[in-house]
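Only this structure's heavy atoms are used, side chains among them; waters, hydrogens and symmetry mates stay out. As the structure is a prediction and not an experimental result, all values here were calculated from the model.
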There are 2 protein chains.
Amino acid sequence: MTHSAPPAVPRFPVSVTVDLVIFTVRDDALHVLLVERGKEPFLGGSALPGGYVRPDEGLDEAALRELREETGLDGGRLHLEQLRSYGDPGRDPRGRVITVAYLALGPDLPAPVAGTDAARAFWAPVGEALRADSGLSFDHGAILADAVERARSKLEYTTVATSFCREPFTVSDLRHVYEVIWGIALDPSNFRRKVTRTAGFLEPTGERRTSETGRPAALYRFGGAAVMSPPLLRSGDIAGRGAGGGSGRG
Amino acid sequence: MTHSAPPAVPRFPVSVTVDLVIFTVRDDALHVLLVERGKEPFLGGSALPGGYVRPDEGLDEAALRELREETGLDGGRLHLEQLRSYGDPGRDPRGRVITVAYLALGPDLPAPVAGTDAARAFWAPVGEALRADSGLSFDHGAILADAVERARSKLEYTTVATSFCREPFTVSDLRHVYEVIWGIALDPSNFRRKVTRTAGFLEPTGERRTSETGRPAALYRFGGAAVMSPPLLRSGDIAGRGAGGGSGRG
DNA sequence: GCAATAGTGTCTTTGAGACAGTATTAC
DNA sequence: GTAATACTGTCTCAAAGACACTATTGC
């Protein structure tokens, strides 16, 4: 469309969809929202939630609408960003379909909402979803893999990890997000130093949260800053240590 | 299209295009390849090169083809990556057009090739192209702005800056790329230390290049590593210093 | 010699890694 | 008291910032 028409072929049958990779941290694993397909192709298989972009809506708008339909959430409370587009001919057996994938991050969300299209939606640990034998439909396995890598690297240089925490949250809650998504244990002491001293990352509420055991932890809200510089690098992990890693020893 | 059909609207007239943001460093500025539009809408205006995706080709494939058509280059020598997709209704007055934007980086390229569709292509400094009054057609101003930001941040944590240098190149050539794209002066000494000690960034050829003035500089090839960790941060600039910044003083 | 660019060395500062040690809760 | 988690402090090391200084060219 930009310059004088290239050799013919202005228009042919194409559909444009948005697909959502919705991540949350539950228990001790990163989970993704999947739907069970109710029709061919891949009937009964698992896939990312998504749907057609409508004639009158933008891509971000379509993604927000799908998010609302699938999770019942108003999107304002979640982080939502475009991941990338996938459009290999043959990625959908029914014809040429270009999909724009979005990445959504949110705190442990209510189980998929009934009364919507997503009645057959469920949370799956990404590890399982990525295993070849559980094979996602279409090219959704590749999309999911790209989304995982995007999420992992965004934790390094941005503050999006807070999107996984319901406010108010503790430093340990936040560290747990990093540990689950990176799959490594972080030193609690150094992690605390980094996140509390990064301007705009955390904002103390002044409250504390008491749990069954241990000293009550200070509570924080997200502080509004988008990026962390210098970043919190993955390379900075601890080789041999359990995820709960205590500090003292003497 | 992933789950049971959402409320109607499976298919409506859409076109899918790829648009290219092709960057190069010429003289002392980042330049982008633009084309003068030969037809309505925006006849006579400037736009990013691009074209329709064909029924039988993937998105990356379409981008590579357009790149070849516009620059006469085989893409194998350039860095090419998907930037993001743009699909607001109304972004093209002729109808619904989704475009997948790609970012291409290359060494100072031969002036746009004749004999192709791109006869009216030309290099423009991005500063000028972004100015509101020179207004690019469609939403290409926004796409270009996103591309600049992507390029700037990729210099921090990857080795793509080498894509702007024709091999073999000197450390100063590479530093010049950073300085032009970030718009700041870097300390020659510290820059050298960083790039020469980052494993896989530079590979010495053993040769030197003599110029009109000064000591001949050692020549390097790209070393194959994709990322730099820790990154070379933009924040690490020098407040008041000219771009040529000499070292000695006594 | 001078101007200009390439390259080395080194002191200082920042921040991360690796802990030891203290604080506050439930039991 | 013990177990458990929260938090503080500090020593060390890696790497960046800020230079001074030396090297090699053309003139």
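Among the protein residues, A:Arg193 comes within range of the nucleic acid bases, having at least one heavy atom under 4.0 Å from a base atom. Across all strands, A:Arg209 comes closer than 4.0 Å to no nucleic acid atom at all (heavy-atom distances). Nucleic acid contact class of A:Ser172 (heavy atoms, under 4.0 Å, all strands): sugar-phosphate only.
Distance CG (B:Leu186) to C1' (D:dA16): 12 Å, rounded to an integer number of Å. With rounding to whole Å, B:Leu233 atom CG is found 11 Å from D:dA15 atom C1'. Between the NE2 atom of A:His176 and the P atom of D:dT5 there is a distance of 12 Å, rounded to whole Å. Look at CG on A:Leu232: it is 10 Å from C1' on C:dA16, rounded to the nearest Å.
The side chain of B:Lys194 contributes an N or O atom lying less than 4.0 Å from OP1 or OP2 of D:dA16. Contact between the side-chain N/O atoms of B:Arg208 and the OP1/OP2 oxygens of C:dG7 is found at a separation under 4.0 Å.
Checking C:dT24, C:dA26, D:dC19 against every side-chain atom of A:Thr210, the shortest atom distance belongs to C:dA26. Taking every side-chain heavy atom of B:Asn190 into account, D:dC19 is the closest of C:dG7, C:dC19, D:dC19. Considering only the side chain of B:Arg215, C:dG7 comes nearest among D:dA4, D:dC7, C:dG7. Nearest to the side-chain atoms of A:Ala217 among the listed nucleotides C:dA16, C:dA26, D:dA6 stands D:dA6. The side chain of A:Ala218 has D:dC7 as its nearest neighbour among D:dC7, D:dT5, D:dA16.
For A:Tyr220 and A:Asp173, the side-chain atoms include no donor-acceptor pair closer than 3.5 Å. No hydrogens or angles considered: nothing links the side chains of B:Asp19 and B:Tyr86 as a donor-acceptor pair under 3.5 Å. With 3.5 Å as the limit, one finds a donor-acceptor pair spanning the side chains of A:His176 and A:Asp28.
Of the two residues near DNA chain D, B:Gly214 and B:Ser229, the one whose nearest nucleotide lies more 5' is B:Ser229.
B:Phe164 and B:Leu30 get closest at one heavy-atom pair: CE2-CD1, 4.2 Å.
A salt bridge does not link B:Asp187 with B:Arg175: every distance from a Lys NZ or Arg NE/NH1/NH2 to an Asp or Glu carboxylate oxygen is 4.0 Å or more.
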